[in-house]
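Chain A is the first sequence line, chain B the second, and so forth, proteins listed ahead of strands; every chain is numbered from 1. When reading the values below, keep in mind they use all heavy atoms of this one structure, side chains included, and skip hydrogens, waters and symmetry mates.
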Number of protein chains: 2
Amino acid sequence: MSGDRRVRRTRRLIQEALVALILEKGYEAVTVTDVIERADVGRSTFYSHFTDKHDVLLSNLDDHDFLRPAPDSGGGLFAFSLPMFEHARERGRLVRALLGRRGGGPLLAHGERLLAEIVRRELLAAGARPSGALDLLVVCVVGAYMGLLRAWVDGETAASPAELDATFRTAVEPGVRALIDGDVPYPHGRDE
Amino acid sequence: MSGDRRVRRTRRLIQEALVALILEKGYEAVTVTDVIERADVGRSTFYSHFTDKHDVLLSNLDDHDFLRPAPDSGGGLFAFSLPMFEHARERGRLVRALLGRRGGGPLLAHGERLLAEIVRRELLAAGARPSGALDLLVVCVVGAYMGLLRAWVDGETAASPAELDATFRTAVEPGVRALIDGDVPYPHGRDE
DNA sequence: TTCGATAACGAACAGAATGTTCTGGAGGAC
DNA sequence: GTCCTCCAGAACATTCTGTTCGTTATCGAA
C-alpha cells in the first residue's frame with residue numbers, strides 16, 4: 001500500500017459513494033454534491049483528488065482491472081469471450097454500475113475501444129489482412145458482443161456466461177471464418 | 001398544416017437550433033440557454049412549448065420518421081438492412097446529430113428497441129421458435145447492425161451503404177441461418 | 001513522543017443553468 | 001376590425017459547479 005492513509009481513505013470513500021449512487025439514480029442524475037454528502041467528505045477535498053464526476057469513474061477503471069481479462073491468447077478465435085463474461089459476473093455490482101445503461105454509457109465507449117483492439121488482433125492472428133473491410137468486421141463483432149454484455153448487465157437476460165458465450169460464437173463465428181478464409185476485402189463492394 | 005403559424009415557426013426554430021448546436025458541441029454540452037439564443041426565442045416561450053432539451057429531441061423524432069424505413073418485408077432475411085443504411089445517408093445531417101455519439105445516445109436505445117422488434121419478427125418468419133435463445137440472438141444481430149450504423153454516423157468509416165450492408169450480412173447471416181435451420185435452442189447450454 | 005508536512009474541513013464565493021412567473025405588446029384567425 | 005392567443009423580456013428562486021483560504025487534524029518519519 002503506497003501513499004498517505006488519509007488519501008487512500010478519501011479516494012475509496014468517494015469511489016464507493018459514486019458507485020452506490022449510480023446504482024440508485026443512474027450516472028446522469030448523480031451530482032458531485034450528492035457524492036461528497038454520501039462520502040461525508042468536504043467539497044474542496046473532492047476537487048483536490050478528482051477533477052469531476054467522470055474522473056472518479058475512470059479511477060475506478062484503473063484500480064480494478066475489470067475489463068482486461070484476456071489472460072493469454074491460448075484458445076482459438078474469440079478466446080476472450082467466455083473469460084470476459086465470467087469476469088463480469090464475478091464483479092457483478094461494479095460492472096453493473098459502470099457498464100450498464102444506468103452508468104450512462106460513458107465507459108461503454110471505452111470498453112468498446114478496448115475490445116475492438118483485442119478482436120482486431122485476434123482476427124489478424126487468424127489470417128485476416130488489414131483493410132477497411134476488416135475494421136468494419138471488427139465493429140460488427142464488437143457490437144454483437146457488447147450487445148450481449150449490456151443485455152446481461154441490464155438484467156434483460158438470466159443466461160449464464162456459458163450460454164452468452166455460446167450464443168455469441170454461434171452467431172458470429174461462421175460468418176467471420178468464411179470471410180477470413182475467403183479473404184475477400186468486401187464481399188460485394190469496393191475496398192475503402 | 002395545422003395550428004397557429006407562430007407556433008409552427010417557433011417550434012421549428014427551436015428544433016433547428018438544437019440540431020445545429022448538437023452538431024457543434026454534442027448533445028450533453030448544449031444548454032437550453034444556448035438553444036433559445038440561437039433560435040432567438042424568449043425563455044418563457046421555450047418552456048411553453050417543450051419541457052426540456054430532451055423533449056425537443058423527441059419532437060424531432062416524431063416529425064421526421066427517420067428510423068422507420070422498413071417499407072415491406074419483401075426480400076429475404078434482413079431485408080431492412082440496406083434500405084435503412086440508405087435512409088440514414090439521405091438524412092445525413094439529422095441522423096448524425098441524433099444518433100451519433102455526439103447525440104449522447106439517448107435515442108440509440110430507442111432505435112435499438114425498434115430494430116430489435118423488426119429483427120425478431122424476421123427471425124420468427126424465417127422459422128425460428130420463440131425462446132430465450134432467440135432473444136439473445138436478436139441482441140447479437142441488433143448489436144452488430146447498430147455498431148456499423150454508429151461507426152458510419154460517427155465518421156469512423158467512409159463505406160457506402162452497400163458495403164455496410166454487405167459486411168453486416170456476411171458477418172451475421174451464416175451463423176443465424178445455421179442456428180435457425182438447426183433449430184437448437186442453445187448450442188452448448190441449457191434453455192432459459 | 002515529538003514535529004514538520006500535508007491532507008481534510010468548512011464556509012464562502014462567482015458563475016452558469018434550470019424552470020417559473022408576470023406584464024405588456026404584437027401577431028394571427030375569423 | 002376585433003378578439004384572442006402567443007411571444008418577448010425581465011426578474012426570480014434554486015441548484016450545481018469549481019475555486020479559494022484560513023483553520024484544524026492526521027500522518028509518517030525521526
Work out how much the helix from dT1(C)-dA30(D) to dC30(C)-dG1(D) bends between its end axes, five pairs an end, to the nearest 10 degrees. 40°
Please identify each residue that fulfils side-chain contact (heavy atoms from CB on, under 4.5 Å) with Glu86(A), with sequence neighbours left out. Leu82(A), Pro161(A)
Quick one: salt bridge (Lys or Arg N to Asp or Glu O under 4.0 Å) pairs with a partner in residues 166-176 of chain B, sequence neighbours left out? Asp165(B)-Arg169(B), Arg169(B)-Glu173(B), Glu173(B)-Arg177(B)
What is the distance, to the nearest angstrom, from the CD atom on Glu37(A) to the C1' atom on dC16(D)? 12 Å
note: Ile36(B), atom CD1; dT20(C), atom C1'; distance rounded to Å ~ 13 Å
Mind jotting down which residue pairs meet the salt bridge (Lys or Arg N to Asp or Glu O under 4.0 Å) criterion with at least one end in residues 36-60 of chain B? Sequence neighbours excluded, please. Glu24(B)-Arg38(B)
Length of the line joining Ile14(B):CD1 and dA8(D):C1', which is rounded to integer Å: 13 Å
Excluding sequence neighbours, so at least two apart, what forms side-chain contact (heavy atoms from CB on, under 4.5 Å) with Ala116(B)? Val138(B), Val142(B)
Return a table of donor-acceptor pairs under 3.5 angstrom between the side chains of residues 29-36 of chain A and protein atoms on other chains or two or more places apart.
{"residue": "Thr31(A)", "atom": "OG1", "partner": "Thr33(A)", "partner atom": "N", "Å": "3.4"}
{"residue": "Thr31(A)", "atom": "OG1", "partner": "Asp34(A)", "partner atom": "N", "Å": "3.0"}
{"residue": "Thr31(A)", "atom": "OG1", "partner": "Asp34(A)", "partner atom": "OD2", "Å": "3.2"}
{"residue": "Asp34(A)", "atom": "OD2", "partner": "Lys25(A)", "partner atom": "NZ", "Å": "2.7"}
{"residue": "Asp34(A)", "atom": "OD2", "partner": "Thr31(A)", "partner atom": "N", "Å": "3.1"}

Phosphate contact (dG19(C) OP1 or OP2) by Tyr47(B) side-chain N/O below 4.0 Å: yes
Applying side-chain hydrogen bond (donor to acceptor under 3.5 Å, both in side chains) to Arg121(A) and not counting sequence neighbours gives none
Treat primed atoms plus P, OP1 and OP2 as sugar-phosphate and everything else as base, then score nucleotides 22-30 of chain D 5' to 3': B for base contact with protein heavy atoms under 4.0 Å, S for sugar-phosphate contact only, - for none. ---BBSS--
Closer to the 5' end of DNA chain C via nearest nucleotide, is it Val30(B) or Val41(A)? Val41(A)
Excluding sequence neighbours, so at least two apart, what forms side-chain hydrogen bond (donor to acceptor under 3.5 Å, both in side chains) with Arg6(B)? Asp4(B)
What pairs of nitrogen or oxygen atoms, one from the protein and one from nucleotides 9-11 of chain D, lie under 3.5 Å apart?
{"residue": "dG9(D)", "atom": "O6", "partner": "Ser44(B)", "partner atom": "OG", "Å": "2.7"}

Measuring from Leu114(A):CG to Met84(A):CE, what's the distance to the nearest 0.5 Å? 7.0 Å
Any side-chain N or O of Thr10(A) less than 4.0 Å from the OP1 or OP2 oxygen of dA8(C)? yes
For Phe46(A) and dG18(D), give me the distance from atom CZ to atom P, rounded to whole Å. 8 Å
Which class fits the ring pair Phe80(B) and Phe78(B): parallel under 30°, tilted 30 to 60°, perpendicular over 60°? perpendicular
For Ser160(B), enumerate each residue passing the side-chain contact (heavy atoms from CB on, under 4.5 Å) test, keeping only those at least two apart in sequence or located in another chain. Ala162(B), Glu163(B)
Taking side-chain hydrogen bond (donor to acceptor under 3.5 Å, both in side chains) as the cut-off, I'd like each qualifying pair that reaches into residues 137-149 of chain B, sequence neighbours left out, listed once. none
Rounded to whole Å, please give me the gap between NZ in Lys53(B) and C1' in dT18(C). 11 Å
Whole-Å gap separating P (dT15(D)) and CG (Asp52(B)): 18 Å
Is His49(A) close enough to dA8(C) that one of its side-chain N or O atoms is under 4.0 Å from OP1 or OP2 there? yes
